[in-house]
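Below is one structure, written out as structure tokens; the observations come after it.
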Amino acid sequence: MEVERVQALATVGLDELPAQFVRPSHERPESSRAIEGITVPVISLSQPHRSLVRAVHEACHEWGFFLVTDHGIPPELIRRLQEAGGDFFRLPQEEKEKYANDPSRGSFEGYGTKMTKNHDEKVEWVDYFFHLMHPPCKVKHETWPHHPPSYREITEKYNEEILKLTKVLLELISEGLGLEKNALKASLGGDRMELEMKINLYPPCPQPQLALGVEPHTDMSAVTILVPNDVPGLQVWKDGNWFAVDYLANALFFHVGDQIEVLSNGKYKSVLHRSLVNKEKTRMSWAVFCAPPQEALIGPLPGLMDDHNPAKYSTKTYAEFRHRKFNKLPQ
């Protein structure tokens with residue numbers, strides 16, 4: 001089945017948005033404008049440990065989201081990661097199609113455009129490249145871009161850095177919950193925890209006020225660590241309003257995902273978020289989803305339940321959770 005790519009549509013020079021991208025009026029950005037003047041939490045990892053644990057706890061509890069600074073990942077590596085991803089999307093269309101995935105057949109890794117339509121039969125203004133990055137035994141390098149030739153080396157270096165950062169952040173979150181610092185990582189499979197890379201490309205959109213790059217959703221991962229380019233578009237939901245996330249040079253975006261919400265028994269909420277698009281500029285993001293292996297059993301941790309705080313979520317394998325979320329079934 002031939003898939004219509006958003007990037008290819010954008011290069012034609014459309015004056016009007018094709019109907020399948022036009023959101024119902026209540027979903028349009030112009031109908032639900034973000035609150036301005038309030039900034040999301042920004043947390044430096046260089047601050048004293050006790051204040052750092054407290055800052056992470058408050059951000060996870062109140063927002064489910066924060067920006068991370070002083071994270072230790074070299075800016076030059078992030079620049080090279082962004083350059084390599086941009087180089088892939090600048091390839092001729094027929095070259096990109098060699099990496100096409102086929103989610104309808106269970107083939108998620110590779111180059112894709114989300115064609116899964118929602119109940120209103122609308123699609124999102126985004127193309128992507130998705131592949132597993134860790135653990136090594138599950139990585140299929142044949143699905144990774146071979147152009148630019150530096151893609152593999154850069155991505156493997158970034159994977160090493162993200163593994164280190166994920167360990168630090170999961171320890172901080174564990175401590176914020178009053179748990180032993182390795183509790184969350186162990187519950188997520190330890191060294192079998194999976195890292196999935198998704199490069200999102202949101203091309204210039206002729207009528208951005210009518211479209212969404214990604215519709216409102218929570219991530220099914222445990223946590224998501226994201227590098228944006230300098231074109232803003234991410235918005236997070238809190239207290240009945242959308243809040244715009246501004247670009248901050250060298251900062252990473254950190255999302256609490258569904259699995260942390262379950263493990264924390266609801267103390268930390270998975271953040272609802274959406275992506276807007278731009279009329280003149282291309283927005284890109286590099287999201288790494290940190291998730292348990294399929295067979296891992298995920299449920300509220302015993303240390304966070306008692307007679308006054310019973311389990312709010314059922315325990316199930318991550319595979320079962322994914323199946324239910326993909327098919328919009330109750331958890």
Task: Option among R23, K122, Q235 that satisfies the side-chain contact (heavy atoms from CB on, under 4.5 Å) test with L212 - done: R23
Task: Carboxylate-amine/guanidinium proximity below 4.0 Å for R274 and E27 - done: no
Open item on the list: According to a hydrophobic-cluster definition based on side-chain heavy atoms being under 4.5 Å apart (Ile, Leu, Val, Met, Phe, Trp, Tyr only), do L169 and L248 belong together?
Closed with: no
Open item on the list: Once rounded to the nearest 0.5 Å, what's the spacing between atom NZ of K157 and atom CD of E153?
Closed with: 4.0 Å
Task: Side-chain donor/acceptor of K96 to backbone N/O of L91, under 3.5 Å - done: yes
TODO: Locate the shortest heavy-atom distance separating D246 from F253; write the atom from each residue and the value.
DONE: O-CZ, 4.1 Å
TODO: Quick one: closest heavy-atom pair of A55 and I43, and the distance?
DONE: O-CD1, 3.5 Å
- [ ] Check whether any side-chain heavy atom of E58 lies under 4.5 Å from a side-chain heavy atom of F66, and answer yes or no.
- [x] no
- [ ] May I ask whether V40 and V223 are part of the same hydrophobic cluster, defined by side-chain heavy atoms of I, L, V, M, F, W, Y residues being less than 4.5 angstrom apart, directly or through others?
- [x] no
Task: Pairwise side-chain contact, R28 with Q207, heavy-atom cut-off 4.5 Å (strictly under) - done: no
Open item on the list: Taking side-chain contact (heavy atoms from CB on, under 4.5 Å) as the definition, give me every residue that meets it alongside D70, ordered by chain and number, with sequence neighbours left out.
Closed with: S44, S46
Open item on the list: What I'd like to find out is whether the side chain of R322 reaches to under 4.5 Å of the side chain of M220, using heavy atoms alone.
Closed with: yes
TODO: State, without any angle test, whether Y128 and N101 hold a side-chain donor-acceptor pair at a distance under 3.5 Å.
DONE: yes
Task: Where at least one partner belongs to residues 161-171, residue pairs that pass salt bridge (Lys or Arg N to Asp or Glu O under 4.0 Å), sequence neighbours excluded - done: E161-K164, K167-E171
Open item on the list: Would you call the rings of W144 and H141 parallel, tilted or perpendicular, taking 30° and 60° as the class edges?
Closed with: perpendicular
Open item on the list: Donor-acceptor check, side chain of H255 to backbone of I225, threshold 3.5 angstrom: yes or no?
Closed with: no
Open item on the list: Using side-chain heavy atoms (C-beta onward) and a distance below 4.5 Å, is E295 in contact with T317?
Closed with: no
- [ ] Carefully, step by step, assess F88 and F129 under the rule ring-ring contact (aromatic ring centres under 6.0 Å, His included).
- [x] CA-CA 9 Å; F88 171 79; F129 200 103; 4.9 Å; yes
Open item on the list: Looking at every heavy atom in both T282 and P204, which two are closest together, and how far apart are they?
Closed with: OG1-CD, 3.1 Å
Open item on the list: For the NZ atom of K281 and the CG atom of N229, what is their distance to the nearest 0.5 Å?
Closed with: 9.5 Å
Open item on the list: To the closest 0.5 Å, what do you measure between OG (S174) and NZ (K185)?
Closed with: 11.0 Å
- [ ] Give a yes or no on whether the backbone of E30 and the side-chain of Q209 come within a donor-acceptor separation of less than 3.5 Å.
- [x] no
Open item on the list: If we ignore hydrogens and angles and just use 3.5 Å, is the side chain of D127 paired with the main-chain N or O of V6 as donor and acceptor?
Closed with: yes
- [ ] Decide whether L179 and L172 are clustered together by the hydrophobic rule: side chain heavy atoms of Ile, Leu, Val, Met, Phe, Trp, Tyr closer than 4.5 Å, transitively.
- [x] yes
Open item on the list: Side-chain heavy atoms nearer than 4.5 Å, only ILVMFWY residues, links allowed to pass through others: does that put L170 and V271 together?
Closed with: no
Task: Flag, side chain of S264 to backbone of E261, donor-acceptor distance under 3.5 Å - done: yes
Task: Steps toward side chain to side chain contact (heavy atoms under 4.5 Å, CB included) verdict (H273, V214) - done: CA-CA 9 Å; H273 54 287; V214 176; over 6 Å; no
TODO: Examine W286 together with Y158 and report whether their ring centres are nearer than 6.0 Å.
DONE: no
- [ ] Would you check if the side chain of Q20 reaches a backbone N or O of V123 as a donor-acceptor pair within less than 3.5 Å?
- [x] no
- [ ] Any chance you could lay out the side chain to side chain contact (heavy atoms under 4.5 Å, CB included) test for L45 and L165, step after step, and finish with the verdict?
- [x] CA-CA 10 Å; L45 296 188; L165 180 59; 3.6 Å; yes
Task: Side chains of W242 and P216 in contact at under 4.5 Å (non-hydrogen atoms) - done: yes
Open item on the list: Under the salt bridge (Lys or Arg N to Asp or Glu O under 4.0 Å) definition, can you give me all pairs with a residue in residues 83-95, not counting sequence neighbours?
Closed with: R79-E83, D87-R90, E95-K98
Open item on the list: On a heavy-atom basis, which atom in E109 and which in L132 lie closest, and how many Å separate them?
Closed with: OE1-N, 3.1 Å
- [ ] Can you establish whether the number of heavy atoms outside D191 located under 6.0 Å from its atom CG is more than 12?
- [x] no
TODO: Applying side chain to side chain contact (heavy atoms under 4.5 Å, CB included), run through I173 and C60 and close with a yes or a no.
DONE: CA-CA 8 Å; I173 295 170; C60 289; 4.2 Å; yes
Open item on the list: I'd like to know whether the aromatic ring centres of H131 and Y151 sit less than 6.0 Å apart in this structure.
Closed with: yes
Task: 4.5 Å side-chain heavy-atom contact, R283 and L276 - done: no
- [ ] Spell out, as yes or no, whether a donor-acceptor pair under 3.5 Å connects the side chain of H57 to the backbone of L177.
- [x] no
Task: Side-chain (S270) to main-chain (D258) donor-acceptor, under 3.5 angstrom - done: yes
Open item on the list: To the nearest 0.5 Å, what is the distance between CG on L301 and NZ on K267?
Closed with: 11.0 Å
Open item on the list: Return the CG to CZ distance between N241 and R33, rounded to the nearest 0.5 Å.
Closed with: 14.0 Å
- [ ] Look up atom CE in M305 and atom OH in Y313, then write down how far apart they are to the nearest 0.5 Å.
- [x] 12.5 Å
TODO: Count the heavy atoms of every other residue, nucleotide or ligand shown that sit under 6.0 Å from NZ of K181, and state whether that count exceeds 12.
DONE: no
Task: Heavy-atom side-chain proximity of D239 to W237 below 4.5 angstrom - done: no
- [ ] Step by step, work out the ring-ring contact (aromatic ring centres under 6.0 Å, His included) result for F243 and F65.
- [x] CA-CA 11 Å; F243 291 84; F65 180 87; over 10 Å; no
TODO: Could you give me the CA-CA distance, side-chain angles and deciding distance for I162 and I73, then say whether side chain to side chain contact (heavy atoms under 4.5 Å, CB included) is met?
DONE: CA-CA 8 Å; I162 286 288; I73 301 180; 4.0 Å; yes
Open item on the list: Looking at every non-hydrogen atom in both residues, tell me the closest pair between S285 and Y202 and how far apart they are.
Closed with: OG-CE1, 4.2 Å
Open item on the list: Using only atom types and a distance under 3.5 Å, with no angle test, would you say the side chain of R324 pairs donor to acceptor with the backbone of P330?
Closed with: yes
Task: Shortest non-hydrogen contact from N265 toward N309 - done: ND2-O, 3.9 Å
Task: Pair T218-K325, side-chain donor/acceptor within less than 3.5 Å - done: yes
- [ ] Please examine the side chains of P203 and Q7, heavy atoms only from C-beta on, and report whether any two atoms are closer than 4.5 Å.
- [x] yes
Task: Short side-chain to backbone donor-acceptor contact, K316 and Q331, under 3.5 Å - done: yes
Open item on the list: With a 4.5 Å cut-off on side-chain heavy-atom distances among I, L, V, M, F, W and Y, is there a chain of contacts connecting F108 to M133?
Closed with: no
